[in-house]
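Just the heavy atoms: all of them, side chains too, but no hydrogens, waters or symmetry mates, feed the values below.
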Amino acid sequence: QVQLVESGGGLVQAGGSLRLFCAASGRTLSSYGMGWFRQAPGKEREFVAAISRSGGSTYYADSVKDRFTISRNNAKNAVYLQMNSLKPEDTAVYYCAASKSVLNVRLGSSYDDWGQGTQVTVSS
């Protein structure tokens, strides 16, 4: 099991940027495929982005493609989500997730361990 802690959320105006961090402990992160998900009030959790163990492959939801960038630093046991051109509809709690064997990166059920989440609020 890997423990995940997200940070970097906050309040930002539309068009602004935030960088989320996911710090891992308990296991070497290089063994895990990683993903970011989000959940807005009254809505289901949705896939945002994912990255392979080596970082060589990345995946994005259509709603964030070309605005968000996922990256990782296995030496630091960390995963990042750079969010640019933020919109009010990006407002949500953002979760980091880890999987030993990701079958479908876009499904939450593919992930084994989750962080507690960090709030992102985008004002119009």
Flag this pair as yes if the NZ/CZ of R106 is under 6.0 angstrom from the six-membered ring centre of Y59 and inside a 45 degree cone about the axis; otherwise no. no

So does N104 get a backbone contact from the side chain of S110, meaning a donor-acceptor N/O pair under 3.5 Å? yes

For the residue pair T91 and Q119, establish whether any side-chain heavy-atom pair is separated by less than 4.5 Å. yes

Just by distance, do the side chain of E6 and the backbone of Q116 share a donor-acceptor pair under 3.5 Å? yes

Side-chain ion pair, R67 and D90, N-O less than 4.0 Å: yes

Cluster membership besides V48, Ile/Leu/Val/Met/Phe/Trp/Tyr side chains within less than 4.5 angstrom, sorted by chain and number, is V2, L4, V12, L18, L20, L29, Y32, M34, W36, I51, Y60, V64, F68, I70, V79, L81, M83, L86, Y94, V120, V122

Of all heavy-atom pairs linking Y80 and K76, the shortest is OH-CD, 4.2 Å

Look up atom CZ in R72 and atom OG1 in T58, then write down how far apart they are to the nearest 0.5 Å. 12.0 Å

Can you tell me how far the CG atom of N77 sits from the SG atom of C22, to the nearest 0.5 Å? 9.5 Å

Using every non-hydrogen atom in the two residues, find where A14 and S124 come nearest and quote the distance to one decimal. CB-CA, 4.4 Å

What pair of heavy atoms forms the shortest contact from Q39 to K43, and how long is it? NE2-O, 3.0 Å

Minimum heavy-atom distance between A50 and V105, given as atom pair plus value: CB-CB, 3.8 Å

Run the side-chain contact (heavy atoms from CB on, under 4.5 Å) test against E89 and tell me which residues pass, sequence neighbours left out. K87

Contacts satisfying ring-ring contact (aromatic ring centres under 6.0 Å, His included) that involve residues 105-124 (not counting sequence neighbours) are F37-Y111, F37-W114

With rounding to the nearest 0.5 angstrom, report the CZ to CG distance, R45 to L107. 9.5 Å

Side chain to side chain contact (heavy atoms under 4.5 Å, CB included) assessment of N84 paired with S17: CA-CA 4 Å; N84 298 328; S17 298; 2.9 Å; yes

